[in-house]
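The block underneath contains the structure these notes are about, expressed in structure tokens.
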Protein chains: 2
Amino acid sequence: MQNKIQEQRMREYFIQAAKEIIRGEGMRAISVRNVAEQAGYSYATLYNYFTNIKDLVFECTVDFQEECLEQIDRDSKNLDMGFDRIKIRTKSFMKYFIQYPGIFTLFYIENPSTIAKKHSTIDLINSFLDRVNQQEWDYFLETHYLNEAIIESKKAQLRYNVIGILLFYLNRQFPKTYNDYLQITDNQLSMVLKID
Amino acid sequence: MQNKIQEQRMREYFIQAAKEIIRGEGMRAISVRNVAEQAGYSYATLYNYFTNIKDLVFECTVDFQEECLEQIDRDSKNLDMGFDRIKIRTKSFMKYFIQYPGIFTLFYIENPSTIAKKHSTIDLINSFLDRVNQQEWDYFLETHYLNEAIIESKKAQLRYNVIGILLFYLNRQFPKTYNDYLQITDNQLSMVLKID
DNA sequence: AGGCAATATTAACACTGTTAATATTATGAA
DNA sequence: TTCATAATATTAACAGTGTTAATATTGCCT
């Protein structure tokens with residue numbers, strides 16, 4: 001690890017390989033030998049650039065977040081500020097994980113190697129949905145439409161509800177059909193995103 | 001598997017062993033050899049009574065649900081029907097999984113061997129919190145305090161919110177402190193369990 | 001071209017779940 | 001009781017996992 005540019009390039013090869021596997025076959029297909037083969041290197045080479053496989057896969061999360069955010073922006077452009085925009089953006093957020101269940105597993109199911117290590121990555125994941133709608137929450141605050149306590153409460157409500165729905169649907173096959181999932185989602189978002 | 005009584009007794013040995021490990025060291029410590037040793041048998045013997053290790057661990061869920069329900073009933077006895085009773089019972093439900101994080105992992109994180117197989121067990125897990133508060137929801141319906149649509153919506157809101165909070169706290173160390181977790185929980189339950 | 005440092009690969013270890021072959025135990029008939 | 005057979009338990013083995021140490025290969029500079 002003398003040449004920093006070459007080192008980062010090598011890391012990127014492994015990260016791209018891991019991303020493809022996670023996107024396609026999911027977290028179950030992730031293994032040191034699998035990722036290395038996809039990257040075109042031997043399995044032990046991976047350890048010259050990452051301390052372990054968990055560290056590697058969690059580095060993928062920043063790229064996935066970017067990609068997800070791009071989809072959300074596409075799906076919500078030209079929309080006026082307000083609850084409806086949050087609703088659309090949140091549904092787009094959820095759609096991304098429905099498309100790539102392996103990425104949901106990585107974000108919320110998989111547990112990191114060490115609890116303390118790479119805490120920033122986990123923090124970014126935890127606050128992801130909050131950041132997706134940050135513009136809107138700020139708008140509500142500035143226009144005095146909602147006060148800060150209410151905003152924090154609704155932000156949390158949305159966060160837990162959305163991840164809960166995805167957890168049940170993707171990890172527990174509940175509800176059984178996609179249509180039921182869509183209906184529950186719409187109902188729940190409507191409950192959270194309204195003035196009481 | 002000639003004598004059904006002896007067979008069930010053997011299964012119970014393995015189930016009890018698995019339960020102790022899940023309660024104590026968590027799902028990470030579950031392995032065929034580990035469970036078998038705790039049960040006092042060789043690892044291959046397990047396969048005479050269970051098709052695989054996943055089937056075995058998911059059989060533990062019925063016992064855990066019973067135990068959890070007993071705690072909830074203890075914590076909520078002598079309470080009048082109403083939102084407060086749901087709140088207390090739901091907090092007790094959550095407390096159980098905070099006490100035994102391994103059981104939360106088993107219930108909501110771990111995925112079964114086959115999707116179709118043992119669907120009833122998964123269904124019982126999915127509906128567990130609903131059943132915990134079924135008495136109260138029925139009471140609200142009978143007394144015309146809430147209509148059926150509202151009840152179903154609130155039931156779902158509670159379900160997703162509660163599991164979401166536990167997922168973040170137990171699997172993502174968010175929030176960092178137990179006190180913050182308690183405050184968020186109380187706030188969220190108050191939001192869901194009120195008349196709009 | 002030779003030597004040294006950087007990097008990549010193979011071999012090995014301790015695990016995992018699962019199955020097949022073997023050893024042990026229990027049961028019933030002579 | 002003895003022996004054969006069925007039932008059950010155990011060991012050996014296989015293919016997989018993550019990770020580390022020893023070895024092979026590459027690239028660079030004198």
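Letters A, B, ... are given to chains in the order of the sequence lines, protein chains preceding strands, and every chain is numbered from 1.
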(request) Go along nucleotides 9-17 of chain D 5' to 3' and tag each nucleotide: B for a protein heavy atom under 4.0 Å from its base, S when only backbone or sugar atoms are that close, - otherwise. (result) BBBBB---S
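A straight line from CD of B:Glu110 to P of C:dG17 spans 11 Å, rounded to a whole angstrom. One interatomic measurement links the two molecules: CG of A:Asn52 to P of D:dG18, which rounds to 10 Å at whole-angstrom precision. Regarding B:Tyr47, its OH atom lies at a distance of 4 Å from the P atom of C:dT18, rounded to whole Å. Across the protein-nucleic acid pair, B:Leu56 atom CG and C:dT16 atom P stand 15 Å apart, rounded to whole Å. One can place CZ of A:Phe14 at 11 Å from C1' of C:dT7, the figure rounded to the nearest angstrom. The distance from atom NZ of B:Lys4 to atom C1' of D:dA7 is 14 Å, rounded to the nearest whole Å.
Between B:Tyr181 and B:Tyr178, the ring centre distance stays below 6.0 Å. For B:Tyr169 and B:Phe174, the gap between ring centers reaches or exceeds 6.0 Å. Ring pair B:Phe104/B:Tyr100: centre-to-centre distance not below 6.0 Å.
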Atom pairs, N/O to N/O, protein against nucleotides 23-28 of chain D, distance under 3.5 Å?
none

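Ring pair A:Phe140/A:Tyr145 is tilted by interplanar angle, where 30° to 60° counts as tilted. Ring pair B:Tyr13/B:Tyr41 is parallel by interplanar angle, where below 30° counts as parallel and above 60° as perpendicular.
For the pair B:Arg33 and B:Tyr43, the distance from NZ or CZ to the six-membered ring centre is under 6.0 Å and the angle to the ring normal is within 45 degrees.
Atoms CD1 and CG, on A:Ile30 and A:Leu56 in that order, are 7.0 Å from each other to the nearest 0.5 Å.
A salt bridge links B:Lys19 to B:Asp63: one of the charged nitrogens lies within less than 4.0 Å of a carboxylate oxygen.
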